[in-house]
Novice: 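If you scroll down you'll find the structure; I have some questions about it.
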Amino acid sequence: MVQDKLGITINKLVQKKQLLESKKDVAFTDKSIQEIAYDKGYKDPAYFNRVFKNAVGQTPNQFRRTFDYEHRDVFSQNIIELIQMFHKKEHTLGFYADKMNVSVKTLSKKVKQKMNSSLGQLIRYQIIQSAKTMLLENDNIKDVAYNLGFEEANHFSKFFTNYVGVAPSVYKK
């Protein structure tokens with residue numbers, strides 16, 4: 001029932017929550033990484049480091065050093081959170097501009113200035129990341145296409161092949 005409603009398994013939901021809590025602990029507490037690992041149920045801190053790095057792209061120590069809560073860029077954080085939340089169904093720049101209460105032109109200019117990337121590129125990147133994750137979880141290509149807002153599986157296949165360099169079926173193998 002959870003997978004039908006949310007589109008992810010209960011295990012993935014628990015893992016996401018566990019990762020979120022781990023990130024909070026790493027960023028906002030003085031606990032050692034080893035202590036955080038044990039608190040979150042990991043028996044091996046090295047395994048926790050690998051899981052954290054695979055999910056976040058940085059080790060917990062790197063994440064702690066680069067996470068500057070006092071001086072973080074709220075705009076960038078907000079647009080990234082919006083893209084992560086809505087990229088599966090919303091691909092238009094207008095949607096994100098409305099959510100940020102600015103014009104498309106203003107949003108595009110600000111994203112380019114702060115992130116050295118276009119808003120469209122950020123959305124496509126998030127779509128590709130989600131597609132890769134779903135394909136590696138052995139989801140059906142047609143289901144992946146539908147879950148990511150594509151009306152036709154062949155449109156998704158062309159999109160994926162264009163940005164990844166291989167067809168979804170090849171990537172899946």
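Not measured: the values here are computed from a predicted model.
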Novice: Is it true that the side chains of Thr133 and Ser130 contain a donor and an acceptor less than 3.5 Å apart?
Specialist: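 Ser130 and Thr133 do not have a side-chain donor-acceptor pair below 3.5 Å.
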Novice: Look only at the side chain of Glu90 and the backbone of His87, and say whether a donor-acceptor pair between them is shorter than 3.5 Å.
Specialist: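 Checking the backbone N and O of His87 against the side chain of Glu90, no donor-acceptor pair under 3.5 Å is found.
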Novice: In this structure, is the centre-to-centre distance between the rings of Tyr38 and Tyr42 below 6.0 Å?
Specialist: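 So the answer is no for these two rings.
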Novice: Short question: side chain of Gln121, backbone of Ser118 - any donor-acceptor pair under 3.5 Å?
Specialist: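 Yes; at least one donor-acceptor contact below 3.5 Å.
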Novice: CG of Asp30: more than 12 outside heavy atoms within 6.0 angstrom?
Specialist: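 At most 12 heavy atoms, drawn from other residues, nucleotides or ligands, come within 6.0 Å of this atom.
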Novice: Do you know which two heavy atoms are closest between Tyr171 and Val166, and how far apart they sit?
Specialist: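 Reported closest heavy-atom pair: CB-CG2, 3.9 Å.
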Novice: Taking all non-hydrogen atoms of both residues, which atom of Ser157 and which atom of Ile141 are closest, and how far apart?
Specialist: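 In this case the closest contact between Ser157 and Ile141 is OG-CG2, 4.2 Å.
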Novice: Give the minimum heavy-atom separation between Val111 and Leu119, together with the two atoms involved.
Specialist: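 Answer, listing the atom of Val111 first, then Leu119: CG1-N, 3.8 Å.
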Novice: So Glu137 and Lys12, salt bridge (charged side-chain N to carboxylate O under 4.0 Å, His left out) or not? Walk me through it.
Specialist: CA-CA 10 Å; Glu137 291 174 350; Lys12 287 291 177 190; 3.3 Å; yes
Novice: Using modelled atom types and a 3.5 Å cut-off, is there a donor and acceptor pairing between side-chain atoms of Thr106 and backbone atoms of Val102?
Specialist: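 Flag not set: sc Thr106 to bb Val102 has no pair under 3.5 Å.
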Novice: Grab the two heavy atoms, one from Leu19 and one from Ala55, that are nearest each other, plus how far apart they are.
Specialist: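 Where Leu19 meets Ala55 most closely, the heavy atoms are CD2-CB, 3.3 Å.
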Novice: Near Lys40 NZ, under 6.0 Å, is it more than 12 heavy atoms from other residues, nucleotides or ligands?
Specialist: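 Enclosed.
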Novice: Ring-plane angle category for Phe150 and Phe156, please: parallel below 30°, perpendicular beyond 60°, tilted otherwise.
Specialist: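 Taking Phe156 first and then Phe150, their aromatic rings stand perpendicular (interplane angle over 60°).
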Novice: For residues Pro168 and Thr161, report the shortest heavy-atom separation together with the two atoms involved.
Specialist: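 Heavy atoms only, the tightest pair is CD-OG1, 3.9 Å.
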Novice: Not counting sequence neighbours, list each pair that qualifies as a ring-ring contact (aromatic ring centres under 6.0 Å, His included) and has a residue in residues 93-148.
Specialist: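 Qualifying pairs: Phe86-Phe95.
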Novice: Less than 4.0 angstrom from a charged side-chain N to a carboxylate O is my criterion; do Lys172 and Asp139 meet it?
Specialist: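 So Lys172 does not pair with Asp139 through a salt bridge.
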Novice: Do any N or O atoms from the side chain of Asn147 and from the backbone of Asp143 form a donor-acceptor pair under 3.5 angstrom?
Specialist: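 Yes, Asn147 side chain to Asp143 backbone: donor-acceptor pair under 3.5 Å.
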Novice: Crowded around Lys31 NZ? As in, over 12 foreign heavy atoms under 6.0 Å?
Specialist: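 Yes, enclosed.
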